[in-house]
Amino acid sequence: MFGRLNRSALVAVIFIGIILIWAAEDMPAYGDPKAPANEYAAQMYIDRTPADIGVDNIVTAILASYRGFDTLGEVVVVFTAGISVLLLMRRGEGQ
Amino acid sequence: MRENVVVRTVSRLFVPFIQLFALYVIVHGASGPGGGFQGGVIFATSFILLLIAFGLPCVRGRFGRSWIRAYAAGGIIIFAGVGLTCILFSGNFLEYAAIETALGIPHLQTLMIDIVEAGIGITVMAVMTSIILDFVGKEEEEPL
Amino acid sequence: MENLLVFIATRYIYIMTIILVMIGLYALIAKKNLVKKVIGLNIFQTAIFLFYISFSDVDGGTAPIYLPDGVSATYVNPLPHVLILTAIVVGLAITAVALAIVVRIYEEYQVTDEDGLQEVMKRQ
Amino acid sequence: MNAVISQLPPLLIVIPLLGALAALLLGKWNRAFAYPISLAMIGFQFAVSLVLMESVMDGDVIHYYLGGWPPPLGIELVIDSFNSFVLVVILALALLTAVWAHKGADLDIVPEKKVSFFVVFQLLITGLCGMAVTGDLFNLYVFLEISSIAAYTLVAAGRNPRSLIAGFNYLILGSIAAGFIVIGIGYLYIATGTLNMGELAVMLPAHYGQTTVYAAFLFMMIGFSIKVAFFPLHLWLPDAYTEAPAAVTILIATATSKVTAYAMLRVIFSVFTLQYVTDSFPVTELILIIAAIAIIAGAVLAIAQDNLKRMLAYSSISQMGYIMFALGVANQAALAGGILHIMAHAVMKGCLFMVAGMIIYRTGFTAIRQLSGLSRRMPVACAAFAIAGASMIGVPPTIGFMSKYYLVLGAVEAGEYLAAAVLLAGSLLAAVYIWQVIEVMYFGDIHDEDLGGGLEAPASMMVPVIILAASCLLLGIFVELPLEVVGPAAAMLLGGG
Amino acid sequence: MIWVITFALLLFMIICALAAITVRDLLHATIILAAYSLVMTVLWAGLNAVDVAFTEATVGAGITTVLFIAAISRTRRCSED
Amino acid sequence: MIPGILPLLAITIPLAAAALILATGRHMNLRDSVTLGAAASMVIVVLAMLPEILAGGRIGITLIPLLPGGDLALRVDALGMIFGIVASVLWLLNSLYSIGYMRALNEHDQTRFYFCFAIAIAAAIGIAFSANLVTLYVFYEILTLITYPLVVHVGTPEAMQAGRKYLAYLLGGGICLLAATILTYTLTGTTEFIPGGFLAGAGAAALSLQVIFLLYLGGFVKAAWMPFHAWLPAAMVAPTPVSAFLHAVAVVTAGVFGVVRVAGWVYGVDLMADLNLGVLLAVIASFTIITASLFALAQDNLKRRLAYSTVAQLSYILLGVSMLSTAGLIGAVIHIPFHAFQKIALFFCAGAVIVGAGRENISDMKGIGRKMPVTAVMCAAAAAGICGLPPFCGLVSKVYLTIGAVQAGELALLGVIIVSAVLNVAYFFPIIHTMIIARPSDDRALDTVTEAPLIMLVPIILAVTASVAFFFFPATPFLDLAEIAISDMSGAGMP
């Protein structure tokens with residue numbers, strides 16, 4: 001297995017890994033509730049959803065309402081993939 | 001696909017339940033885990049099961065290519081249509097609250113979210129089925 | 001040394017995620033087989049998703065679905081979940097397109113690895 | 001009227017999206033319906049972009065809160081002088097490409113596939129529009145992926161089986177790039193807790209110096225550099241441009257690469273701000289060095305090519321070096337030059353690729369040496385090639401000269417004399433690779449006598465080419481018009497806004 | 001979640017990932033990838049991301065695997081690396 | 001009339017003519033009469049501006065804002081007028097001649113030829129009338145590119161090779177000019193030509209100004225100063241009217257014109273002197289004059305010999321500028337038109353020999369004058385003019401240059417002028433000797449030789465007549481214009 005390692009790819013990957021680990025140094029500890037990521041917008045969502053939207057699942061509230069445009073984009077991605085596979089795989093438009 | 005009575009029977013039994021479950025997942029999205037996307041994928045798996053058990057012509061027969069396309073587009077049209085309706089009610093795009101205020105019906109947003117999730121589900125279901133059909137199409141028939 | 005231990009203890013999940021990212025990336029770059037590359041792509045993407053999810057977790061938190069009235073709880077950060085839901089779909093779309101291209105390449109050239117493709121190209 | 005304008009930003013994306021669906025459904029019914037719908041939708045987008053540009057020209061910025069949720073809760077669309085300019089440029093190019101593709105797509109796309117081809121074509125453009133107008137990083141990623149998936153597919157969709165390999169490699173590298181961008185976005189979110197670009201710009205200064213922010217910057221830069229194909233990361237580009245269907249090459253070379261470059265500039269200047277970039281890395285020098293290498297190496301590689309489209313592809317690598325150069329210098333004149341070059345390169349490279357496609361359409365020739373004496377068969381096309389080529393070299397008074405002038409001016413003002421010299425040398429090399437084509441076209445003997453006389457392409461391909469060639473000249477002469485938008489845009493970027 | 005379980009799941013995933021990219025038989029690799037996805041699902045459920053876990057279960061272990069198998073059945077099952 | 005319409009007209013006439021030429025390309029006679037008509041009307045337009053310029057006025061027009069530091073603007077002054085007259089009048093002569101030449105040799109792609117020619121003239125006029133460095137640069141580059149198809153007109157591999165060399169030198173030069181322009185702009189914030197220069201006030205270091213001047217010199221590689229002259233002899237593969245165009249009408253003239261412009265209107269005489277740039281220029285010019293004359297001696301191909309002669313003669317102009325004295329500068333400026341008129345006659349003669357006898361090498365031309373008397377005599381006259389013999393105008397400029405050298409107190413320069421005069425005679429006399437005096441090698445050698453058609457002879461005679469006329473009346477208009485130009489640029493305080 002190790003005989004077939006691609007050296008240059010390995011170097012590139014390790015380089016990327018080192019940057020990632022280096023970046024983790026200043027990241028908040030795992031599960032830290034005081035981390036900025038979990039404080040600012042996240043807390044707003046948790047606090048406001050019942051009043052603003054009134055669904056129980058916060059993820060759904062964000063998905064369909066707060067960041068609905070992202071979701072529209074996501075559906076378009078799926079649609080694009082469908083047409084893409086159609087365009088690629090089939091020689092003709094078919095029935 | 002080889003003729004296999006057991007597989008066919010079990011599939012025929014299971015497909016409605018899978019589809020029912022998919023619908024539940026879509027509708028349930030607002031209050032629990034799940035939503036349009038997951039439900040759509042599950043719905044698509046029911047067709048995959050049909051495909052495995054009965055082969056391509058059967059699935060095609062129930063679910064023609066143009067229908068797939070219409071469903072795929074229809075889901076997005078529902079989603080975008082809801083968004084555009086909000087503009088008609090002088091809100092921003094996707095601003096469900098605008099409709100709610102304009103019509104004066106409380107909790108309309110929940111309904112909107114359900115409609116949107118349904119749209120997502122329809123598109124995802126159709127597209128996933130279409131992709132799978134495209135992938136296996138070669139074995140069953142010579143594409144045009 | 002102690003710092004390092006603290007670092008590992010508080011961030012081990014990140015480190016293992018990073019290892020997964022590296023494995024995926026390596027397969028993506030170095031593997032010759034096209035399907036293997038797509039498998040690598042999947043690992044790479046899911047590893048990134050794991051990274052997002054791991055920083056969304058909060059100690060003692062619960063899933064971001066409101067508990068019945070009156071029960072107060074700490075909810076984990078829901079935003080990365082939404083982002084990753086979207087990203088998973090995107091990843092699926094890319095996988096589908098990639099596999100479609102692989103199948104078409106096989107139909108045209110009857111090979112699925114880069115070495116074979118290079119040979120075919122040379123022969124043309 | 002104002003109420004309508006205020007709703008335009010989402011309509012710019014949603015209406016064409018519905019148009020694409022309509023094209024698909026009606027195209028099932030009758031194939032002839034798909035193309036006009038696509039064209040109309042792109043035309044609609046172009047019109048909208050003009051209206052938007054007109055309304056932000058005096059320095060206003062349109063903020064549109066989707067769903068009515070202000071950031072950081074919701075997604076925001078932002079229209080300012082910079083991105084409205086980019087929108088107008090790429091949509092104009094996309095419109096012309098679509099007109100060109102009416103006949104040009106016959107070349108590589110079988111008739112049965114044309115409906116889905118144009119649907120994907122339009123989804124690509126819509127994705128690019130989304131990238132241009134969004135003010136939210138993750139939304140940027142989503143639209144980036146829409147346009148990328150469409151681009152991978154279109155590259156691989158041609159009759160030429162080699163396009164599949166090019167498309168696959170493009171997909172792999174593009175996905176790595178997208179992955180890096182997502183990692184970068186994640187780091188930024190970890191550091192600040194928001195995804196909105198405007199808020200990030202405000203909140204980031206408190207976190208300068210964190211390794212997380214550094215890494216975010218690095219990953220996003222690497223990712224965007226792959227997408228834009230900046231020099232050492234350009235590996236997907238030559239194959240993709242060469243093997244893709246002609247119409248797709250035009251669209252990717254003009255619209256996609258420009259919007260991605262826009263996104264990169266946006267992230268650097270509007271999210272991280274110039275101050276941060278220069279303070280934390282020896283980055284200006286580094287970017288300048290890489291840009292210089294890109295300019296020279298791309299041009300030298302272009303000189304070495306025999307395939308016309310591949311030559312143009314390497315030329316793109318060289319020309320993208322100019323935009324990178326603007327980044328490295330980063331003063332008012334250079335940035336104005338860089339933004340102007342985004343437009344200039346789109347216009348002239350679009351024209352060149354269109355002519356290359358027309359040559360293939362009419363003669364099937366792809367190698368430069370086969371073009372001998374072509375000017376007698378296709379005089380108008382060759383004249384357009386000569387004009388756009390002159391612009392590529394940077395001959396006054398073409399638009400290519402104007403952007404280059406500003407870039408050099410900026411470099412000299414910044415005291416980067418050596419870099420300015422490299423830029424000028426690059427245009428000399430451009431002269432070499434463009435000229436070897438023109439020489440063959442105009443002064444070579446006609447090899448293949450049985451091709452006969454007039455081979456001029458049909459009018460629907462000719463009109464866009466003529467428009468682009470004319471704009472190479474006219475935009476250069478009346479450079480004040482684009483500068484009215486470009487100048488404020490550069491100032492805005494420098495101001496960190 | 002108890003950190004030992006998280007750790008074990010992560011370790012298992014790393015092993016799965018390594019195996020998926022090293023085994024020669026692509027069908028095996030695909031199944032291992034499905035296992036990887038399933039473990040990922042468990043992990044995400046443990047990290048309180050139930051929606052994402054649900055999606056990954058349907059997509060990663062479901063549709064993706066089907067796609068891979070469909071693609072492999074139309075191409076070649078064995079890989080040189 | 002709107003002020004400033006005339007210079008604009010002078011540029012638009014050839015451009016319009018170019019479009020018309022393309023449109024009427026199928027009909028040879030129509031096309032050629034378009035060329036002639038445009039040339040004639042342009043002469044009228046340019047001469048119409050003459051009275052006002054002679055009265056010390058200027059005609060200016062700003063077309064469009066182009067770049068910071070340089071709108072696309074035209075301004076006619078005395079110096080530009082000189083170049084303008086040369087270009088427009090010689091275009092007329094050259095058009096007449098080309099029609100005869102191209103038809104006689106039945107050349108291919110004549111439409112392209114006339115088209116490029118017309119645009120090139122527009123560019124040359126643009127250079128002459130440009131009001132600032134940016135405009136100058138724009139037209140300069142256009143001139144470079146549009147003359148390329150002319151240079152490679154024959155399309156042989158040799159021609160393509162020459163064309164590449166031509167482009168490499170001139171585009172490289174163009175880039176130097178662009179760099180110099182931008183540097184000038186960043187130093188001063190303007191590129192407007194100001195009599196007496198504007199760089200002096202910039203307060204830049206002497207070294208950087210010297211470097212910028214070197215860049216300008218590199219930019220004006222069109223002046224063919226050594227060692228960057230190789231493109232000019234290489235370009236000799238072009239048809240003769242093109243050679244005439246390169247050597248007399250526009251291209252090299254544009255180069256030396258640029259040097260004079262920059263010396264007088266950007267740097268200013270005083271700054272030039274302070275920076276010792278005169279010395280630099282003098283060294284380059286002297287080196288070029290002597291070396292090029294020696295090279296010319298060694299050429300057997302008539303056109304190549306003439307080419308090296310041009311290289312040498314152009315450096316007279318640089319030499320005159322380098323003296324930085326009134327007489328020297330006047331000599332330099334009037335040498336531009338005077339050399340142009342004589343050199344165009346010489347090239348026309350060379351072309352006539354090609355058409356009439358089909359010969360290009362001097363050694364093949366023995367006794368050719370017996371069959372082509374007009375050509376031979378005119379050739380001798382023009383050669384004498386360039387050597388500086390009376391009664392031809394070449395003498396006038398040389399006298400001024402000599403006086404200038406004395407004024408400047410640079411006896412070395414005087415030596416250069418004298419030596420080169422000897423060399424001039426040495427390379428021109430053999431031509432005249434072979435053509436008129438020598439006997440043909442055998443009797444039948446001249447059988448195929450005939451005099452060139454009348455339409456080619458007329459321009460030759462006109463050019464030679466002009467050069468005689470300018471000897472007797474140098475003041476109309478060139479010397480007057482030159483004096484205005486020099487007083488513009490120097491004011492008081494020059495030796």
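Numbers restart at 1 for each chain; the letters A, B, ... are given by sequence-line order, proteins then strands.
Contact annotation for L66(D): both backbone and side-chain heavy atoms come within less than 4.5 Å of a heavy atom of chain B. The contact between I87(B) and chain D is made entirely by side chain atoms (from C-beta outward), counting heavy-atom distances below 4.5 Å.
Nearest approach of A80(B) to L18(D), heavy atoms of both residues: CB-CD2, 3.9 Å. Residues L25(D) and A73(B) approach most closely at CD1-CB, 3.9 Å, considering heavy atoms.
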Side chains of residues 90-98 of chain B: which donor-acceptor partners sit under 3.5 Å, not counting sequence neighbours?
from: N92(B); atom 1: ND2; to: Y65(D); atom 2: O; distance (Å): 2.6
from: E95(B); atom 1: OE1; to: N92(B); atom 2: N; distance (Å): 2.7
from: Y96(B); atom 1: OH; to: A64(A); atom 2: O; distance (Å): 2.6

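To the nearest 0.5 Å, atoms CD1 (I76(B)) and CG (L24(D)) are separated by 9.5 Å.
Counting non-hydrogen atoms of neighbouring residues, nucleotides and ligands closer than 6.0 angstrom, the CZ atom of R12(B) reaches no more than 12 such neighbours. By the neighbour-count criterion of 12 heavy atoms within 6.0 Å, atom CZ of F14(B) is sparsely surrounded, having that number or fewer from other residues, nucleotides or ligands.
With sequence neighbours excluded, no residue satisfies salt bridge (charged side-chain N to carboxylate O under 4.0 Å, His left out) with D108(D).
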